[in-house]
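Just so it is clear, the values below take in all heavy atoms, side chains as well, and ignore hydrogens, waters and symmetry mates. Numbers restart at 1 for each chain; the letters A, B, ... are given by sequence-line order, proteins then strands.
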Amino acid sequence: MAQRPQHIELRTSPHLHQADSVETIMRNVVYALLPLCGYAVYQFGLSALALILVVTITCMATEQLFNHLSSRANTLTDASAIITGLLLALTLPPGFPLWMGAVAGFVAIALGKALFGGLGCNLFNPALVGRAFVQAAFPTAISSWTPAFFSGRFSQFVPSSLALPFTHPVDVGGWSQAVADGFSGATPLALHKFEGLTTPVMELFTGSVAGSSGETSALLILICGSYLALRRMLDWRIPVAILGSAALLSALLQLLSPSNPDPLFMLFSGGLMLGAVFMATDMVGSPVTPLGVWVYGLLIGSLTIIIRIYGGLNEGVMYAILLANAASPLIEAVTQPRIYGRSNQGGNHDA
Amino acid sequence: MRLLNAIWHGTFSHGVHPPQYKEETAQRPIRRLPFAPRMVLPLNQHIGRPALPRVVAGQEIWRGEPIAEADGHLSVPLHAPVSGVVESIRLMPTAQGPKAQAIVVHTYAADSQEVRYGTAQELDTMTPAELIMAVQQAGLVGLGGAAFPSHVKLSAPSDRTIDTLLANGCECEPFLTTDHRAMLEQTADLIRGIGIAMRATGAKQAVIGVEDNKPDVIHHLQQAVAQHADITVAVVRTKYPQGAEKLLIKATFGREVPSGGHSYDVGVVSHNVGTLAAMGRLLPQGQGLIERVITVAGPGIDQAGNYLVAIGTPLRFILEQLGLKDGDNEVITGGPMMGSAVASLDVPVTKGTSGILVLNRAAIEQEHRKIHHCIKCARCVQACPMHLNPSYLGLLAAQHDYQSMEQGYHLNDCFECGACSYVCPAGIPLVQYFRIAKAINREQRSKVA
């Protein structure tokens with residue numbers, strides 16, 4: 001006869017759970033970002049490596065600082081601060097002064113996440129909050145681009161990287177001309193917008209152009225994003241809606257005025273691909289309703305194109321995503337799914 | 001709409017795919033377990049008013065004898081599962097949680113235990129009302145787990161026309177295979193039961209809904225119903241919770257039961273296949289429900305399988321017979337998705353107990369989750385078969401805003417399948433929040449009333 005069990009466990013149903021936890025999802029996002037970081041280092045050398053490390057470590061330290069201040073348990077294990085750090089670093093120019101990177105990392109976690117209450121409570125994508133802050137604070141540094149694949153990138157820093165805190169970084173224009181003959185210091189989007197030059201789409205696709213550390217290779221971003229989407233850790237509908245609406249709208253605008261860039265150029269240039277695949281899909285900032293996801297994606301795609309073509313900036317993804325993050329609760333409220341057995345939607349107080 | 005139905009034919013939208021764990025027991029034929037020395041028969045084994053005891057302490061009772069009678073329409077009688085003597089009628093622990101009045105019976109170990117009660121009934125000459133009465137007299141309730149009195153489901157209001165009887169053979173809960181075995185081994189009873197239920201309701205056709213993870217059952221049933229023109233087998237996709245009545249109706253007929261309504265509002269009456277088989281077996285002989293098939297499975301048990309046990313058998317007796325492994329265990333009555341863990345092994349098998357699962361320490365630890373704040377991954381929204389928004393309901397529950405949950409987000413459409421908690425990577429016990437919210441709302445309403 002079997003012995004009495006010493007102890008009977010009491011839990012509420014369901015007694016089974018699927019394997020994915022917040023930690024495994026976040027860890028997989030980090031895995032998916034690592035190839036992008038690797039390529040950024042391969043492309044831009046030491047400066048990119050140092051920038052990625054500094055920003056990520058600042059993000060983790062800030063997270064821990066706020067945990068300490070609010071007497072909360074360690075949240076570094078959920079890896080979300082690492083994601084913010086990596087994403088933020090990938091959106092900065094490779095020669096971005098390291099101290100400014102640290103400021104961006106601090107602001108991203110402090111203002112973008114910790115003040116809202118930590119993971120899950122934030123309204124905006126923390127990495128983009130950090131990016132928006134430095135865009136406003138350091139307008140010159142954030143638009144100083146350095147050439148990709150310059151020789152000696154593994155033995156020397158871009159001169160601006162090592163600028164001392166609170167000093168003006170050196171102008172890298174002359175240095176860039178010296179290491180890469182004929183480098184204009186502009187990204188393909190800026191070239192097109194301000195000088196009317198178009199970069200071949202193939203170069204954009206594979207990423208041999210100037211730009212932020214991690215946004216230059218559309219191909220790599222798509223591969224890494226597909227990995228996450230296949231593991232159901234990324235909502236494929238968001239990038240599809242963003243890229244689809246961006247392509248449609250730019251095709252329409254090109255029909256109206258042929259001087260506007262063609263859809264393929266729009267899709268593969270600037271931060272659109274990185275933003276669509278890794279930024280807009282941040283679960284916390286995007287709607288949970290099935291229809292809402294499409295509306296959210298459409299909003300980002302079309303806002304991006306409108307800012308790029310009609311705005312004063314040559315790049316618009318960041319503001320488009322931040323605006324859509326802000327609109328997300330509203331989108332959710334009006335796109336509640338129809339409940340089984342009811343003709344009306346949930347969320348409207350007419351039960 | 002028609003196009004949508006064509007796409008969704010054979011299933012419903014949303015739902016989850018938990019691991020099946022059915023291989024271990026699905027091929028094991030039903031075996032009978034011996035009688036426990038003491039049986040515990042709670043009077044509230046069914047939904048509705050508890051049965052009224054008709055025996056006193058010290059009285060001898062015989063297997064099959066009615067020992068408690070129905071208290072009104074929403075109630076069923078209780079029959080003696082063994083020959084023995086009534087020890088007492090007192091409060092006893094039950095699997096549902098609170099203690100309940102129960103008839104405790106001391107079993108006569110040397111008795112032959114043949115069923116001595118019941119007189120054969122001529123069903124063919126009975127009217128629908130008489131059939132429904134006979135179903136109530138048999139003490140039949142939904143054996144799939146709900147334990148709702150079967151005769152109440154058969155008696156639709158006179159302004160509703162029933163066109164279809166749905167025999168629910170989905171058995172979407174992992175581990176459980178009682179319906180699987182019943183459909184294979186009690187096929188004649190099942191078909192007879194379907195005939196009785198069709199006559200009682202006036203349904204013109206019957207459909208047996210089976211998930212496509214039971215190809216042997218599908219093949220077997222298709223041959224068995226070949227000479228019955230009015231019975232068909234509908235194969236539905238394997239997905240949890242396909243066995244929920246509303247979702248099976250959607251999957252097989254494309255009809256949606258209106259919120260707060262009943263299946264007869266869309267012309268359907270549904271019964272679990274195990275219930276129908278019991279109906280087909282018991283009614284011709286005029287006997288009552290005194291035993292049922294349960295699946296005993298899980299990593300904490302030696303001899304997993306399907307067993308015919310007398311109602312009232314304490315879990316401890318069953319688990320000792322089948323080899324309970326030592327160590328820390330979690331013992332669950334019902335399936336792993338909706339079943340409840342028991343606090344004591346002294347609780348009995350009741351009419352609604354479809355299985356006993358024993359999870360060991362390793363299995364329990366594997367399910368351990370750190371609870372995070374909701375990260376709005378939307379997995380619960382994509383899992384909810386009722387298309388509710390569990391994510392938002394969970395946030396409202398955290399703010400104790402139970403009124404908004406009910407009025408704005410239709411909490412009461414939730415039937416607590418647990419798909420949301422199953423998928424939640426943040427480990428939030430969503431369905432438990434919803435149970436608590438419903439209970440608090442019920443309490444509020446009863447205070448006002």
Side-chain angles (χ1 to χ4, degrees), chain A residues 1-26 73 75 77-78 80 117-122 232-233 235 282-290 292-293 328 332-333 336-351, chain B residues 16 18-19 174 246 250 256-259 261 319-320 323-332 336-343 345 357 359 364 367 369-370 372-378 381-382 385-389 391-392 406-410 413 418 421-423 425-427 429 431-432:
Chain A
M1 199 177 268
Q3 257 188 338
R4 239 170 206 253
Q6 300 90 1
H7 171 84
I8 292 193
E9 181 92 4
L10 265 184
R11 288 179 301 141
T12 59
S13 68
H15 305 275
L16 294 179
H17 295 90
Q18 72 169 19
D20 290 341
S21 65
V22 168
E23 285 89 352
T24 52
I25 294 177
M26 296 296 170
T75 52
T77 48
D78 67 27
S80 60
L119 176 65
C121 303
N122 48 310
R232 296 200 56 217
M233 293 171 179
D235 193 338
D282 173 28
M283 292 165 173
V284 183
S286 54
V288 297
T289 56
V293 168
S328 173
E332 251 175 43
Q336 290 293 328
R338 185 188 71 83
I339 291 165
Y340 176 105
R342 284 183 186 270
S343 51
N344 58 343
Q345 295 175 333
N348 43 2
H349 289 252
D350 62 354
Chain B
V16 294
K246 288 180 170 183
K250 174 82 174 175
E256 269 188 29
V257 179
S259 172
L319 296 179
E320 282 173 356
L324 178 63
K325 290 177 187 162
D326 288 346
D328 297 348
N329 289 310
E330 180 180 29
V331 178
I332 298 159
M337 297 299 283
M338 290 183 79
S340 45
V342 296
L345 294 187
L357 298 184
L359 300 183
I364 297 166
E367 299 302 329
R369 282 282 183 285
K370 185 181 167 194
H372 290 266
H373 193 277
C374 171
I375 58 164
K376 296 182 64 189
C377 67
V381 179
Q382 286 157 30
M386 298 305 281
H387 295 218
L388 298 167
N389 186 341
S391 155
Y392 202 74
E406 184 176 309
Q407 283 156 16
Y409 292 88
H410 308 302
D413 284 316
S421 300
Y422 172 76
V423 295
V431 73
Q432 185 63 12

Test side chain to side chain contact (heavy atoms under 4.5 Å, CB included) applied to A:Met26 and B:Ile375, step by step: CA-CA 11 Å; A:Met26 296 296 170; B:Ile375 58 164; 4.3 Å; yes
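- Only the side chain of A:Asp78 has a heavy atom closer than 4.5 Å to any heavy atom of chain B.
- Heavy atoms closer than 4.5 Å to chain A are found in both the backbone and the side chain of B:Cys377.
- Using a 4.5 Å heavy-atom cutoff, the side chains of B:Glu256 and A:Arg342 are not in contact.
- Side chain to side chain, A:Gln336 and B:His387 fail the donor-acceptor criterion of an N or O pair below 3.5 Å.
- The salt bridge (charged side-chain N to carboxylate O under 4.0 Å, His left out) search around A:Arg11 returns B:Glu330, not counting sequence neighbours.
- Within the 3.5 Å criterion, the main-chain N or O of B:Val257 finds a donor-acceptor partner in the side chain of A:Tyr340.
- In this structure, B:Gly339 and A:Ser13 approach most closely via the heavy-atom pair O-CB, 3.1 Å.
- In this structure, chain B has no heavy atom under 4.5 Å from any part of A:Thr75.
- For the pair B:His373/A:Cys121, a side-chain contact is recorded, criterion being any heavy-atom separation below 4.5 Å from C-beta on.
- For chain A, the nearby part of B:Val342 is the backbone; its heavy atoms alone come within less than 4.5 Å.
- Among B:Ala378, B:Pro336, B:Pro258, the residue with the largest count of heavy-atom pairs under 4.5 Å with chain A is B:Pro336.
- Here B:Asn389 is the residue among B:Val431, B:Asn389, B:Leu388 with the most heavy-atom pairs under 4.5 Å with chain A.
- Using modelled atom types, no side-chain atom of A:Gln18 and backbone atom of B:Tyr422 make a donor-acceptor pair closer than 3.5 Å.
- Heavy atoms only, all atoms of each residue included: B:Met337 and A:Leu16 are closest at SD-CB, 4.3 Å.
- For a residue to count as touching a neighbouring chain, one of its non-hydrogen atoms must lie under 4.5 Å from one of that chain's; by this rule B:Leu357 does not touch chain A.
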Test log, rule side chain to side chain contact (heavy atoms under 4.5 Å, CB included), inputs A:Ser21 and B:Lys370: CA-CA 8 Å; A:Ser21 65; B:Lys370 185 181 167 194; over 6 Å; no
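- Heavy-atom distances place the side chain of A:Ile25, and not its backbone, under 4.5 Å from chain B.
- Scanning for ring pair (Phe, Tyr, Trp, His ring centres under 6.0 Å) contacts around A:His15 gives an empty result, with sequence neighbours left out.
- Within the 4.5 Å cutoff, the side chain of A:Ile339 has no heavy atoms near those of the B:Ser259 side chain.
- The choice from B:Ala343, B:Pro18, B:Ser391 that makes the most heavy-atom pairs within less than 4.5 Å of chain A is B:Ala343.
- At a threshold of 4.5 Å between non-hydrogen side-chain atoms, the residues B:Val381 and A:Pro290 count as touching.
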